[in-house]
S.K.: 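So that we are looking at the same thing, I have put the structure below in structure tokens.
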Amino acid sequence: MSAGELTEVVYANSVLAFDGRVLELFGHSAAPIGNRIHVAQITEIKEEADKVVIWVRGMIEYSIVLRGESEGVRAEVASLIAAVRQAAPNI
């Protein structure tokens with residue numbers, strides 16, 4: 001994925017969007033209006049059975065909950081997270 005190319009995953013009450021530089025989380029419980037995370041801030045991404053946890057500088061974490069989601073949604077999220085991993089210089 002090159003910067004500027006937008007990928008979105010829409011599921012349940014959430015939307016994930018990634019343009020190659022900025023990951024946006026909408027419907028995220030910590031901030032209902034959304035969160036924006038630049039890949040340069042990401043220090044770790046952990047994929048667990050029912051969620052993906054993204055850590056950024058300052059030890060702040062963002063969880064993408066996948067409990068009850070279909071395999072199709074999980075595959076879309078995994079693909080988006082793979083693109084984030086590839087673009088993030090600090091992990």
Side-chain angles (χ1 to χ4, degrees):
M1 161 183 276
S2 60
E5 182 182 331
L6 183 65
T7 300
E8 288 185 332
V9 178
V10 179
Y11 67 97
N13 295 325
S14 300
V15 177
L16 305 177
F18 183 58
D19 69 359
R21 293 180 332 123
V22 177
L23 174 63
E24 295 180 292
L25 309 166
F26 300 98
H28 185 265
S29 60
I33 59 171
N35 293 101
R36 299 187 75 208
I37 305 165
H38 193 282
V39 292
Q41 295 177 302
I42 297 172
T43 58
E44 185 176 5
I45 299 175
K46 288 186 178 180
E47 296 180 67
E48 300 175 7
D50 286 333
K51 68 181 176 180
V52 177
V53 181
I54 299 169
W55 291 88
V56 300
R57 291 182 186 154
M59 298 300 293
I60 298 169
E61 71 175 85
Y62 299 90
S63 294
I64 300 167
V65 179
L66 298 170
R67 187 176 313 113
E69 295 300 328
S70 71
E71 289 303 314
V73 166
R74 288 171 179 267
E76 287 183 72
V77 171
S79 178
L80 185 143
I81 293 300
V84 171
R85 274 185 195 281
Q86 185 174 11
N90 298 315
I91 59 172

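As a basis for the values below, the full set of heavy atoms in this structure was taken, side chains included, without hydrogen atoms, waters or symmetry mates.
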S.K.: So, does Arg57 use its side chain to make a donor-acceptor pair with the main chain of Ala40 at under 3.5 Å?
M.R.: yes
S.K.: Connecting only ILVMFWY residues whose side-chain heavy atoms lie within less than 4.5 Å of each other, what is the rest of Val65's hydrophobic cluster?
M.R.: none
S.K.: Quick one: which residue pairs count as a side-chain hydrogen bond (donor to acceptor under 3.5 Å, both in side chains) with a foot in residues 71-81, not counting sequence neighbours?
M.R.: Asp50-Arg74
S.K.: Could you work out, with side chain to side chain contact (heavy atoms under 4.5 Å, CB included) as the rule, every residue matching Glu24, not counting sequence neighbours?
M.R.: Ala17, Val22, Phe26, Arg36
S.K.: Can you find a heavy atom in the side chain of His38 that is under 4.5 Å from one in the side chain of Arg21?
M.R.: yes
S.K.: Might you work through the side chain to side chain contact (heavy atoms under 4.5 Å, CB included) test for Val84 and Ile54, ending with a clear yes or no?
M.R.: CA-CA 10 Å; Val84 171; Ile54 299 169; 5.6 Å; no
S.K.: In terms of hydrophobic clusters joined by side-chain contacts under 4.5 Å, are Trp55 and Leu16 together?
M.R.: no
S.K.: Are the side chains of Val39 and Pro89 in contact, using a 4.5 Å heavy-atom criterion?
M.R.: yes
S.K.: The criterion is side chain to side chain contact (heavy atoms under 4.5 Å, CB included); which residues satisfy it with Ile91, sequence neighbours excluded?
M.R.: Ile42, Ile45, Arg85, Ala88
S.K.: Same cluster or not: are Val53 and Val77 linked, directly or through other Ile, Leu, Val, Met, Phe, Trp or Tyr residues, by side-chain heavy atoms under 4.5 angstrom apart?
M.R.: no
S.K.: List for me each residue that meets salt bridge (charged side-chain N to carboxylate O under 4.0 Å, His left out) alongside Lys46, sequence neighbours excluded, and say none if there are none.
M.R.: Glu44
S.K.: Is there a chain of hydrophobic side chains (I, L, V, M, F, W, Y, each step under 4.5 Å between heavy atoms) that links Tyr11 to Leu80?
M.R.: yes
